[in-house]
Amino acid sequence: MELSTILAQLAPYQAQLVAVSKTHPPERIMPLYEQGQRDFGENKVQELTDKQPVMPADIHWHFIGHLQTNKVKYIAPFVHLIHSVDSTKLLKEINKRAAQNERVIDVLLQFHIAEESTKFGLDLAEAKALLEDPRFADWKNVRIVGVMGMATFTEDERQVTREFQHLRQIFQELQAQYFADQPAFKELSMGMSDDYELALEAGSTMVRVGSLLFGPRE
Ligand SMILES: *Cc1c(COP(=O)(O)O)cnc(C)c1O
């Protein structure tokens, strides 16, 4: 699909597009950049650190994959938003590496909303434990700006919608309970190539679309 087509679909929802460029080389990504796209998503640290230095410096790189604690240091100097925080330990490490780079790194809490056990993420109780951890208040170099989740891979649109609505409820509950005075907590990252329209209807502010824009992955 053309970039302009998907942007026109997102506009009425005021949702943002993260173009998921994983597996695609810079020469495949640049045409989108030249059309004005600045937000790109990658899910592997090595691939991201290979691409970042050879691509324009004003790209906002989103990290959307499972992140191992020992690899945070490689992306901390430049990453724009980490979508996949799924433990207190990881958040602590991001804070430490952000401080070393004298910056604040924005992150999302990833929730497990799908049926599949293969998908990573927190449940609500774990997220509350993280937010209520007494150390969290001292971590000044991370800022939680919302939540992220992936729906079950299924044809059943009602199930997918239910899962997205569940994530929105989690978002609203956390917003009311922990972030009421923090307008930066506003992102609901949900929706991929096969389900972004359902995600938009359920309140997504940020869709992560790969294959629909780039074609099948290499
Ligand atoms: C690969 C990936 C996407 C994009 O998937 P498509 O189906 O190609 O749009 C979105 N989110 C995450 C977390 C991914 O790993």
Side-chain angles (χ1 to χ4, degrees), residues 1-10 13 15-26 28-29 31-32 37-52 59-68 71-72 75 79-87 90 94 106-122 144-157 159-161 163-164 166-168 170-171 187-218:
M1 188 184 277
E2 291 295 328
L3 177 66
S4 56
T5 309
I6 186 156
L7 291 178
Q9 279 182 293
L10 299 183
Y13 298 93
Q16 202 188 340
L17 173 66
V18 177
V20 177
S21 49
K22 65 191 189 196
T23 78
H24 301 295
R28 294 283 317 281
I29 306 172
L32 267 67
Q37 179 67 22
R38 289 294 177 273
D39 290 82
F40 292 93
E42 292 282 339
N43 72 336
K44 297 224 161 62
V45 168
Q46 180 71 53
E47 189 175 342
L48 176 52
T49 56
D50 285 346
K51 281 175 188 171
Q52 188 269 339
I59 288 180
H60 293 159
W61 290 105
H62 294 243
F63 192 81
I64 61 171
H66 185 61
L67 182 56
Q68 287 172 274
K71 296 197 172 160
V72 173
I75 63 172
V79 71
H80 176 70
L81 177 62
I82 297 173
H83 289 232
S84 45
V85 170
D86 61 358
S87 72
L90 179 59
I94 295 168
D106 283 347
V107 305
L108 305 176
L109 298 181
Q110 181 174 355
F111 282 86
H112 184 264
I113 53 168
E115 251 172 25
E116 294 126 296
S117 57
T118 50
K119 291 185 175 158
F120 290 102
L122 302 159
I144 299 175
V145 298
V147 304
M148 179 271 225
M150 270 186 275
T152 304
F153 186 70
T154 171
E155 301 275 290
D156 184 349
E157 296 197 346
Q159 179 178 351
V160 171
T161 291
E163 292 175 357
F164 286 149
H166 178 211
L167 186 61
R168 187 177 60 184
I170 290 171
F171 170 79
E187 303 296 352
L188 195 39
S189 167
M190 57 186 192
M192 312 179 18
S193 291
D194 289 332
D195 57 19
Y196 72 97
E197 286 160 306
L198 298 175
L200 290 169
E201 281 299 316
S204 174
T205 65
M206 202 177 255
V207 298
R208 310 175 310 270
V209 174
S211 38
L212 196 65
L213 282 167
F214 289 100
R217 277 186 275 283
E218 278 138 55

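Atoms within a ligand are numbered from 1 in the order they appear, just like the ligands themselves. This structure is a prediction, so every number in the text was calculated from the model and none was measured. Heavy atoms only: backbone and side chains are in, while hydrogens, waters and symmetry mates are out. By convention here, the first residue in the shown sequence is residue 1.
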Pair listing, ring-ring contact (aromatic ring centres under 6.0 Å, His included) test, anchored in residues 194-218, at least two apart: H24-F214
Minimum side-chain heavy-atom gap M206-H62 below 4.5 Å: yes
Ion pair K51/E42, N-O distance below 4.0 Å: yes
Judged by modelled atom types alone, do [X] and [Y] share a side-chain donor-acceptor pair under 3.5 Å?
X	Y	answer
S21	R28	no
Q16	E187	no
H80	D106	no

Between ligand 1 and the protein, which N/O pairs fall short of 3.5 Å?
from	atom 1	to	atom 2	distance (Å)
ligand 1	8 (O)	S211	N	2.8
ligand 1	8 (O)	S211	OG	2.7
ligand 1	8 (O)	R217	NH1	2.7
ligand 1	8 (O)	R217	NH2	3.3
ligand 1	9 (O)	S193	N	3.0
ligand 1	9 (O)	S193	OG	2.5
ligand 1	9 (O)	G210	N	2.8
ligand 1	11 (N)	R208	NE	2.9
ligand 1	15 (O)	K22	NZ	2.7

